[in-house]
Amino acid sequence: MRTNELLNTFLKKRIYVFLFIILAVFFVLLTRISYLQLVLGKSFYEDSQLVIHQTVNIPASRGEVYDRNYIMARKYPLISNKIRKTLIAIPAHFEVGELFICVEQLELLFELEYGTLLRKIEKSSTHSYKKIELILNMTNGQVERFADYYLLFSKFILHKEIWRFYNEQSNVAHVTGYIGLPSAKDIQQGAQGDVLVGKNGLELIYNETLSGEDGEILQLKIQNDSSGQVQLKSVKSGKSLILTIDILLQRAVVKAMQNYQGAVVVLRPKTGEILSLVSTPSYNPNLLLTRNKKKRGEHLRYMNKVEAELNRAIATKFPPASSFKTLVALAALEEGLIDFNKKSVCKGKFILKSQYSGFDDAVFYDWDVHGAMTLKNAIAYSCSSYFYNLGYQIGSEVIIKYARYFHLDQKMGIDLPGEITGVIPSNLWKEKVIGQRWYDGDTINLSIGQGFLETTLLSMTNFYSAIINNGVAYKPHLVKEIYRMGTSDIFLDTIKKEVLYAIPLEKKNLNFIKEALMKTVTDGTAKWPFRRYALKNIAGKTGTVQTKSNNRLDNESQHAWFIGFGPTDKEKFYNIVVGIFIEWGRAGSVPASIAAQIFQHWDIRLKEKSVYLD
Amino acid sequence: MNFKNIDWLLVVSIITLNIFGIFVLYGAGELGHIFAYQTCMRMFFGIGVLFIFYTIDYHRLVSLAPIIYIVAIFLLILILLPFFGTKIKGARSWFRFAGFGFQPAELIKIAIVLLLTNFLVSKNLSVKSVKELLFPSIIVFIPISLIMVQPDLGYALFLIPLSLLLLFIGGANIILFVTIFFIGFLTIFIPLYIEYHKYMLIEPLLVLLQDTSIRLYEAVKVLGFDLWSILELHSDKLVFKTSLANNQWVIKTLLQEENYEIISKSVEVVRSQKPTFLRDFFYKPWLVFGTVLFFVFGYITTLLVAFFFRENNKTYFIRYTCLILSLGLTLGYLGSIFIDLRPHQVSRVVSFVNPEQFSKGAGYQLRHSLITLGSGQFFGKGFTKGDMTKGDVAFLPEWYNDFIFSTLGEQFGFVGTGFILLIYLFVLLRSIFIALHAKDDVGSLLAIGIVSIFFLHVFLNVAIISGLMPVTGLPLPFLSHGGSNLLISYLCIGILLNINRQRFINVAS
């Protein structure tokens with residue numbers, strides 16, 4: 001090839017080297033391509049013919065539920081999804097006598113005692129199509145061993161199912177609720193017939209959040225190489241819930257409540273988070289989902305008998321009794337109708353003069369004769385006759401007004417189903433419901449929280465948290481975070497606190513009430529239970545409800561309340577409000593001792609710094 | 001315009017390539033019809049560009065090289081700004097203005113070729129000392145680092161062999177060349193090696209964390225490879241990257257004192273479970289520093305020995321080994337600190353070294369590319385009969401762009417691929433012919449630069465799709481569906497034609 005002589009000879013030499021490189025590289029490329037297309041071409045062609053376009057529906061897994069410590073990288077799952085592998089045999093798939101031999105061999109394989117599996121197939125006829133569950137809950141080791149000898153046992157069916165497990169058994173049943181088969185109404189609303197839906201508790205309220213969305217993938221399969229998958233609709237697995245519940249506290253509360261029938265609510269006044277919510281007697285959601293029909297039936301009968309499904313913290317209402325006196329005192333102070341130092345002498349009873357001549361005067365008894373009382377002592381020692389006087393003096397309107405301020409007749413908006421409202425009686429209400437006008441006696445009853453007044457435990461507890469918060473109460477809630485783990489991202493929704501009501505109250509009045517409530521614990525009605533645990537800086541109020549039988553000697557006929565908060569020497573950040581209600585209890589000292597146990601647990605947790613607060 | 005001196009053979013062959021590309025695109029499903037139509041339009045536009053550059057004197061282009069280079073660099077900087085650059089497939093490499101998209105990385109190729117030509121000719125085609133190589137290293141290093149930031153690994157790595165090839169042909173000393181080559185190799189190899197091992201640690205780390213703390217496990221799972229950048233940045237208490245800001249909770253989780261301790265300990269545990277000498281070496285900065293010092297000392301000693309005892313030849317080998325190791329280690333180590341590779345880039349390297357580990361991500365692309373290419377066999381499945389590119393969702397990702405050669409192989413078989421490779425070879429040989437017959441050294445060198453561009457594109461692309469190299473995105477000139485690449489390719493051919501044309505003008509005058 002003739003080239004330009006003017007060019008640098010060195011350059012030309014290098015260009016020839018480059019030319020050689022190009023030829024070499026193209027030789028390599030052509031060799032590689034021909035190797036791929038001509039030598040391996042046939043197998044690649046077969047691969048490309050085996051390509052499958054297949055649309056597969058992927059069911060979304062239901063979200064799990066954790067307690068608040070999840071954020072601290074400690075895991076306490078309240079509800080988790082477990083995978084259960086069951087070994088099933090269908091007798092009709094086997095030849096005569098074959099099943100017996102196979103099951104015998106299975107026993108040998110799994111090193112079981114002779115007869116453990118054989119017993120299960122004894123009754124079935126040889127041509128039955130009925131499934132026999134040979135081994136429920138196979139362990140991983142068993143599955144591996146089974147897989148090793150799969151050819152021998154290929155007629156057995158290994159069934160895999162996802163199964164919801166309530167790790168805390170009955171401890172948090174009223175919070176989490178349970179799932180079950182959808183009702184006709186659920187199906188109308190779009191639930192799939194075979195997918196379990198929430199039936200109660202958070203499972204019901206957050207059903208949509210938890211259940212997620214099914215996905216669809218387009219499988220691009222090449223032989224058994226399932227690597228090629230294109231998502232048409234990505235599976236949105238159910239979002240998980242991180243609750244405000246502190247499971248260690250919850251367990252402590254359950255332990256303290258084990259012998260009583262009633263409810264406990266532990267609130268954080270600063271945010272409205274519910275740290276613990278217990279209603280006894282409780283039920284076990286796992287037993288409701290079990291396949292063992294006998295056990296399930298037994299449990300259902302038990303639940304009906306003791307009304308276990310009833311959430312006594314939000315779905316029952318009772319007169320708040322003495323725990324209402326705090327509100328009466330606060331109302332009187334706020335309206336300026338009473339002085340801090342006003343004294344009155346308690347004679348153990350209050351006589352309401354009859355307005356009509358010829359009728360007997362109505363006598364309202366106190367539970368004790370207290371003697372001379374200030375307002376503070378009247379709260380601390382729960383002097384009813386003092387409050388009869390006070391109530392009669394300030395009138396029912398003021399009490400009703402303040403009870404309404406504190407939403408005692410409204411729903412708190414907790415994220416649980418079945419919340420009911422309390423009842424605040426008034427003239428109008430009485431005429432409408434009972435058909436009688438409002439008597440002064442009703443005012444007297446109202447002033448000690450008895451009579452027609454009925455409240456739920458939650459609303460009373462929230463009233464006490466408003467006392468700590470200077471008149472502000474937050475909406476009580478159970479869910480702290482809603483989150484979903486994606487493959488590369490995370491969905492996180494933090495539930496923010498919401499103000500339920502904010503009432504401008506005077507600080508000195510609130511401080512006075514707080515002091516009075518502290519005195520209740522140090523010297524007053526709740527003195528002994530707390531002294532036993534050497535707890536200081538707790539404030540609270542007991543309450544004892546006389547039921548209609550009104551037999552004073554029969555403690556069993558009384559309901560008892562205790563609502564308290566603390567530790568008062570620490571910042572509001574660390575405070576909790578504990579509301580306890582016990583049906584057929586033994587006066588206010590029983591819930592007070594339960595409260596003392598709860599406060600002691602909280603005290604230890606704060607010292608250990610093992611509780612996550614933010 | 002004088003059409004007499006056009007090298008019609010070259011023009012016809014590249015138009016054949018382009019039309020063949022349009023057929024391949026059209027034959028691959030409905031999406032392909034649209035792409036084929038677009039490429040058709042672009043072809044006419046490209047031919048126009050070709051004739052414009054045919055008329056422009058290449059000497060003027062070479063003398064304008066610094067300005068072209070600065071404009072290209074300016075554009076590269078501009079697209080890094082969120083307002084101008086558009087993010088496509090995770091990389092901010094597109095410049096979009098009034099409906100037209102442009103990729104400045106394409107422009108920088110030809111700008112570097114022009115500037116290097118300018119430089120080498122001014123040095124009279126002999127580069128003998130390290131000092132003289134400083135300028136070309138800088139002009140290549142700036143765009144590489146800018147493209148790395150986008151990040152577009154394919155183009156960044158493309159510029160290195162391109163400039164090396166041009167320097168080699170343009171008269172660089174062969175020993176100097178080997179030195180530069182090895183230093184460059186170490187500079188790239190060390191960061192990739194370190195990142196590779198970081199990647200391999202994630203999985204055992206997950207296994208470890210799964211039992212101890214679930215929240216951290218999920219945080220690491222979400223972050224994946226990004227974990228390292230958070231851990232490393234945290235040690236300096238720096239502000240986090242914006243791309244990670246979406247996962248604020250992850251950062252919140254990781255930065256809790258307790259959790260940070262757990263994860264640091266777990267990383268130590270995982271590292272000690274699988275000790276690797278070279279990896280552990282790079283985790284000890286003082287050891288790296290000491291080794292570098294040792295080699296620098298060795299270099300100086302040999303230099304002194306050579307100076308005082310006049311034994312240049314005997315110490316030659318030791319001296320250059322010391323130089324390569326000290327500079328390569330330093331640059332590589334600095335690179336591993338400052339270059340921040342994205343997870344998908346590292347996973348490609350990992351999947352090439354370790355294909356079993358990644359059958360889903362990058363390994364999936366390669367496997368499907370091989371099936372697509374190979375299944376064509378000798379005669380191919382026929383025009384519009386490809387199985388792998390059909391449907392709404394094609395089996396082969398990027399079949400129209402980086403993997404078009406596989407698509408071609410499926411439809412037209414070895415007949416098609418061989419034919420196309422031969423046309424490419426013909427184009428390259430014809431261009432070398434032009435280089436050898438150019439009027440002067442400038443034209444010859446410029447032609448060689450353009451040949452290098454095409455050669456590297458074809459070589460790297462075909463090597464990647466046939467599994468000879470790790471997967472990085474590079475288009476195939478004239479075949480791929482990419483406007484910027486097509487435009488610059490026609491432009492390059494236009495310059496080649498002008499070099500060819502001036503030969504006749506010279507003879508005539």
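Note on naming: letters A, B, ... go to the chains in the order of the sequence lines (proteins, then strands), and numbering restarts at 1 for each one. Quantities reported herein were computed from a predicted structural model and do not represent experimental measurements.
Within the 4.5 Å cutoff, side-chain heavy atoms of Ile21(A) are placed close to those of Phe455(B). Within the 4.5 Å cutoff, side-chain heavy atoms of Ile22(A) are placed close to those of Ile432(B).
Contact between Ala463(B) and Leu29(A) at its shortest, heavy atoms only, is N-CD2, 4.0 Å.
The contact between Val17(A) and chain B is made entirely by side chain atoms (from C-beta outward), counting heavy-atom distances below 4.5 Å. Proximity to chain A (any heavy atom under 4.5 Å) is shown, for Phe459(B), by both the backbone and the side chain. With a threshold of 4.5 angstrom between heavy atoms, Leu373(B) approaches chain A through its backbone and through its side chain. Only the side chain of Leu38(A) comes within contact range of chain B, with heavy atoms under 4.5 Å apart. For Ser452(B), the parts lying under 4.5 angstrom from a heavy atom of chain A are both the backbone and the side chain. Looking at Phe405(B), only its side chain comes within 4.5 Å of chain A, counting heavy atoms on both sides. Both the backbone and the side chain of Lys42(A) come within contact range of chain B, each with at least one heavy atom under 4.5 Å from a heavy atom of that chain.
Of the listed residues (Leu429(B), Thr372(B), Ile448(B)), the one with the most heavy-atom contacts under 4.5 Å to chain A is Ile448(B). Among Gly443(B), Gly413(B), Gly380(B), the residue making the largest number of heavy-atom pairs under 4.5 Å with chain A is Gly413(B). The greatest number of non-hydrogen atom pairs below 4.5 Å with chain A, out of Leu422(B), Leu445(B), Ile169(B), Val458(B), is found for Ile169(B). Of the listed residues Val25(A), Leu23(A), Leu40(A), the one with more heavy-atom pairs under 4.5 angstrom with chain B than any other is Val25(A). The candidate from Phe44(A), Tyr45(A), Tyr35(A) with the greatest count of non-hydrogen atom pairs under 4.5 Å with chain B is Phe44(A).
Between atom CZ of residue Phe10(A) and atom CG of residue Asp441(B) there is a gap of 11.5 Å, rounded to the nearest 0.5 Å. Going from atom OG of Ser444(B) over to atom NZ of Lys12(A) covers 9.0 Å, rounded to the nearest 0.5 Å.
Around atom CZ of Phe27(A), no more than 12 heavy atoms belonging to other residues, nucleotides or ligands sit under 6.0 Å away. When the shell of 6.0 Å around NZ of Lys497(A) is examined, it contains more than 12 heavy atoms from other residues, nucleotides or ligands. Heavy atoms of other residues, nucleotides or ligands lying less than 6.0 angstrom from CZ of Phe165(A) number more than 12.
A donor-acceptor pair is defined here as one N or O able to donate and one able to accept, closer than 3.5 Å; such a pair exists between the side chain of Arg32(A) and the backbone of Ser466(B). In this structure, Gln37(A) contributes its side chain and Gly409(B) its backbone to a donor-acceptor pair below 3.5 Å.
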